[in-house]
Every structure is written in C-alpha cells, then in structure tokens.
2 protein chains.
Amino acid sequence: MRSVKRIADSTIRRLSVYLRFLEDFESRGLATISSDELARRGGTTSAQVRKDLSLFGSFGKRGLGYSVPELASRLREILGLGRQWKVVIIGAGKIGAALVQYLGLKQRGFRVLAAYDSDSSKIGKTFEGIPVRDVGHLERDARKNPPDIAVLAVPSDNAQAVVNRLVACGVKAILNFAAAQLQVPSDVTVKTVNMAMELEGLSFALTSRD
Amino acid sequence: MRSVKRIADSTIRRLSVYLRFLEDFESRGLATISSDELARRGGTTSAQVRKDLSLFGSFGKRGLGYSVPELASRLREILGLGRQWKVVIIGAGKIGAALVQYLGLKQRGFRVLAAYDSDSSKIGKTFEGIPVRDVGHLERDARKNPPDIAVLAVPSDNAQAVVNRLVACGVKAILNFAAAQLQVPSDVTVKTVNMAMELEGLSFALTSRD
DNA sequence: ACATGTGAACTGCTTCACAGCG
DNA sequence: CGCTGTGAAGCAGTTCACATGT
C-alpha cells in the first residue's frame, strides 16, 4: 500500500462515508458522481472530498466527475476491503453477543471465527452460528488460525490482561469496547469505542449551551 | 456554563479520561495528582493536560499539583454530570437491548426512561426494569416527560425519519448507532458511533503497514 | 463550460519553554 | 525547588482559489 505521507484518521472515516454512498449509487446504477454531490451527502465540502481522494491518486475526470464503480472499487482497495479479515470477539456478555450478531449478519469482509468467554455456562453455545469458546483456548486456536482483528467486550479490569495475550498471539488490530486506556506496542492499532465518553460529550454539549 | 471559546471535541474526550482516573484515585484516597501523572495514565502529555484544564480555569497549586477530589468535582461540573439526564432508547433489537442493559447498570447520571420499538412482539416487555413502549407513543410520552438525550439503535433506513420526530419533540442530543449521516438543526448535537467505520479504519491500518 | 487536482492561505490543536508562585 | 499556567512556536487538517484538462 505504501502511503507516502501519514493519513489522518478523519480522512479514513470520510472515505468510509463516501464508500457507503457510492455503494448506494452503484446499486441504483448511477454512472458518475461529482465531488460536490458526495460532499453534500457526506456532510462535508467538495474541496475536502477532492483533497481526501488526491492523497491516494487522481481518480476523476475533469469536467465530468468520478466513475461510481471505479471510485467505489478504488476506495475498497484503499481501505483494504478486498479480502476477508478474520475476527475474534472476546467476551460473550450482552455487548459481545450483540456484536457477534451485528458482525455476523451485516458486515461483509469481516468473518467472525469465534467468541471467547470464561463463563462456563456460555462456553459451547453458539450465537448466529458462531461458537463461544473457552478463553483459555485463545492461544491454541490462534496458533492454528490466527485472527487479524480482535473485538474486546470484556469488563475494564480484565481488558489490559486480555490485550497482552492478544498481542502475544500476533493480533495487530483491536476494537476496544472497554472503558480502559490500553497499552500496546506501536505496531498494534487500537480503536476505542467508549459509551461513557460519548454520553459525557453529549452532556457537555447540553450543559455548555447558554 | 459560558465557555469563552469553542472547546474542541478532543479536549472533552480527554477530560472524560482524566475524570475516570481521578475517580479511581479518589476511591483509593489519594489527595493530589500532578499533570504528569494524569498524562502518563491517559496516554497524553503533561502540557496537554494543563492546557485542557486551563481552558476552564486554574485548578492546581504550583509546586504541588491538583487536589484529586476538587479536580474530579470540577470536571464533573464542566461535563454537566451534576444532574440526571433523561434518556430514551429508540430500537429494542439486539443493539438496543444491550444498550439498555449497559446504561441501566453502569452509567450514573443517565437515567433511561424507556425503550421504543415498532415490533408488537417486543412492546410491553421490560429489559432490566426499563419498559419497551410503542414508538407511536413517543411524542405523547415526550410531552409528559421530555427526554434530554435519545440513543438511536434502529436500521439506517429509518434513522432520519426517527431523528426528525425526536427533533420535533425537542431532543437536543442524539447518540446515533445507525450507519447513516443524519441531518439536524445546528442546535442539536449528534454523536455517531459506527461499527463499520471503525472496522474499516482497522482494515486500513492493517493494509497500509508495509 | 465544467469539475478536478493542488499549491497557498488559513484555522485550530498540540507542543514547547519559561515565567510565576507556592 | 517543583509544578502549574500560558504566550509563542510548530504542526496538521481544512478551506480557498485557480490553473488544468476534457
């Protein structure tokens, strides 16, 4: 992939948004789209759209716009969605179970291998065809079939310990739902989704309006 | 609250992180903490911590640091956590149910009034003591007991229609779990949590490493 | 004529470095 | 002396505006 310069997180999020709209347009058979149209739908500006895309190449035709199928395909390639990523989910509580279901049903390109838990009353069950396995088997399983991405849905107290094990297994990408600040080596990417933080952001917004 | 200047989103997220650590220190009876210590635990720099706090006032003592209980209390006040926010959850599917549970059990300061759904097989049930009500009753309920915050856990296609109704009900803060770009008036704050986007961010990170 | 691609200007967040004060 | 509070400097992301290509 060789990116010449570091790409901002915000850019990648916008590319995801553009791709979502492009796939919608694609399914409706539209052939081309302008940066202006993408911007309007994505809640940004046409200059931003063009700048985002220009970081990866020149995909448009002057005077015309972008070919919908081609741009969609380019974005999928940029985002690494051309392959199946192998995902494990750690924690099969309410959140973990909801994530299994969500990923199992909705998300192409991400295949859930298994969920893991330490609660013996859950181990052996399946959610949407995904087995719940003993978290003690994590390392053994990972040696046979190494996951690319781990989704963490365990209590905050256990989070760092589990992360250490995942890192030792060679996992390089973690989606963290625990309200904990995780320490990882610099070659491991962590994205944290923190309900409490989002709610506090809303609380601040409500409070700071006059 | 009267903020003199606009506060960055990133600042607010860091304040949440600081508060989490302060509450931990508080419960362990520690009296003071330095910006350096907070920075280390929060994965940032001491200068950043001091700058973040200085946007709201001077809470520390030179040569000493910050009083843990006082700073915690100040942050709670800044973030608007001194009161109970009334929350409704729209959508009682797997995600909605998981959120009801999470908010009901874990989150002080946010009281869930009800969940809403259109599926008659769900209406009338309760999750963790929270009633699932007919979404048709939303407006009537809101008039009697107006919610401050709405959590959106409905399919993307319905999201905008529901948002329009929420806005009409006077809701000024929305936590959106639907993969949709929402249009709202400028006095309404929306925070979107988008699984697909986060996963695509991880996919990009995995792909763009050499 | 129209819409892209991009250097330049701008805006705003982060980092630096040090004066100020306990 | 130690640590805060803060202008100034540095850096990164966004917006502008126009040359360029079709």
Side-chain angles (χ1 to χ4, degrees), chain A residues 3-18 21-22 25 30-72 74-75 78 181 197 201 204 208, chain B residues 3-18 21-22 25 30-72 74-75 78 181 197 201 204 208:
Chain A
S3 351
V4 170
K5 45 184 333 184
R6 218 195 128 276
I7 304 295
D9 229 64
S10 48
T11 300
I12 298 303
R13 275 208 296 279
R14 283 191 300 269
L15 294 185
S16 285
V17 172
Y18 305 155
F21 288 119
L22 285 167
F25 293 141
L30 299 176
T32 62
I33 188 165
S34 67
S35 59
D36 204 63
E37 176 78 2
L38 267 175
R40 198 137 28 76
R41 307 247 179 179
T44 180
T45 66
S46 63
Q48 183 73 79
V49 172
R50 295 198 300 277
K51 184 64 93 178
D52 287 339
L53 298 177
S54 78
L55 295 171
F56 298 95
S58 300
F59 309 134
K61 292 202 201 332
R62 288 163 197 256
L64 225 164
Y66 302 87
S67 151
V68 169
E70 189 204 322
L71 185 55
R74 292 306 196 104
L75 289 184
I78 290 164
Q181 216 66 16
M197 217 173 268
F204 174 76
S208 63
Chain B
S3 352
V4 169
K5 48 184 332 186
R6 219 195 128 274
I7 304 294
D9 229 65
S10 49
T11 300
I12 299 304
R13 276 209 297 277
R14 282 192 300 270
L15 294 185
S16 285
V17 172
Y18 305 155
F21 288 118
L22 285 167
F25 292 140
L30 300 176
T32 62
I33 188 166
S34 66
S35 59
D36 205 62
E37 176 79 1
L38 266 176
R40 198 136 29 74
R41 307 246 180 179
T44 181
T45 67
S46 63
Q48 182 73 78
V49 172
R50 295 198 300 278
K51 185 64 92 180
D52 287 339
L53 298 177
S54 77
L55 296 171
F56 299 95
S58 300
F59 308 134
K61 293 202 201 331
R62 288 160 199 258
L64 226 166
Y66 301 88
S67 152
V68 169
E70 190 204 321
L71 186 54
R74 292 306 197 107
L75 289 183
I78 290 165
Q181 216 65 16
M197 217 173 269
F204 175 77
S208 63

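Letters A, B, ... are given to chains in the order of the sequence lines, protein chains preceding strands, and every chain is numbered from 1.
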Sequence neighbours excluded, every pair satisfying salt bridge (Lys or Arg N to Asp or Glu O under 4.0 Å) that has a member inside residues 30-46 of chain B:
B:Glu37-B:Arg40, B:Glu37-B:Arg41

Answer whether the closest heavy-atom distance between the side chains of B:Leu53 and B:Leu75 falls below 4.5 Å.
yes

Any side-chain hydrogen bond (donor to acceptor under 3.5 Å, both in side chains) involving residues 49-60 of chain B? Give me the pairs, sequence neighbours left out, ordered by first then second residue.
B:Arg14-B:Asp52, B:Tyr18-B:Asp52, B:Ser35-B:Arg50, B:Ser46-B:Arg50, B:Gln48-B:Asp52

Near-strand residues of residues 61-69 of chain A, defined as heavy-atom separation under 4.0 angstrom from DNA chain D:
A:Arg62, A:Gly63

Go through residues 45-54 of chain B and report each residue with a non-hydrogen atom lying under 4.0 Å from DNA chain D, sorted by number.
B:Arg50, B:Lys51, B:Ser54

Sequence neighbours excluded and cut-off under 3.5 Å, please list the side-chain donor-acceptor pairs for residues 64-71 of chain A, or say none.
{"unit_1": "A:Ser67", "atom_1": "OG", "unit_2": "A:Glu70", "atom_2": "N", "d": "3.2"}

Below 4.0 angstrom from OP1 or OP2 of C:dT4, is there any side-chain N or O of A:Ser58?
no

Under 4.0 angstrom between B:Arg6 side-chain N/O and C:dT11 OP1 or OP2:
no

To the nearest angstrom, how far is [X] atom [atom1] from [N] atom [atom2]?
{"X": "B:Asp9", "N": "C:dT11", "atom1": "CG", "atom2": "P", "answer": "21 Å"}
{"X": "A:Leu55", "N": "C:dG5", "atom1": "CG", "atom2": "P", "answer": "12 Å"}
{"X": "A:Arg74", "N": "C:dT4", "atom1": "CZ", "atom2": "P", "answer": "16 Å"}

Which pair of heavy atoms, one from A:Ile12 and one from A:Phe56, lies closest together, and at what distance?
CD1-CZ, 4.4 Å

Provide the closest heavy-atom pair for A:Gln181 versus B:Gly42 in the form atom of the first, atom of the second, distance.
NE2-O, 3.5 Å

Quick one: salt bridge (Lys or Arg N to Asp or Glu O under 4.0 Å) partners of B:Arg13, sequence neighbours excluded?
B:Asp9

Using a 3.5 Å limit for the pairing distances, which stems of at least 3 consecutive Watson-Crick or G-U wobble pairs does DNA chain D take part in?
C:1-22 with D:1-22

By side-chain contact (heavy atoms from CB on, under 4.5 Å) - contacts of A:Ala8 (at least two apart)
A:Ser10, A:Thr11

Indicate, with a heavy-atom threshold strictly under 4.0 Å, whether B:Thr44 touches base, sugar-phosphate, or nothing.
nothing

Point-to-point distance, once rounded to the nearest 0.5 Å, from CE of A:Met197 to CG of B:Leu15
10.5 Å

Bounds of contact between DNA chain D and chain B, in 5' to 3' order, using a heavy-atom cut-off under 4.0 Å:
D:dG2 to D:dA8

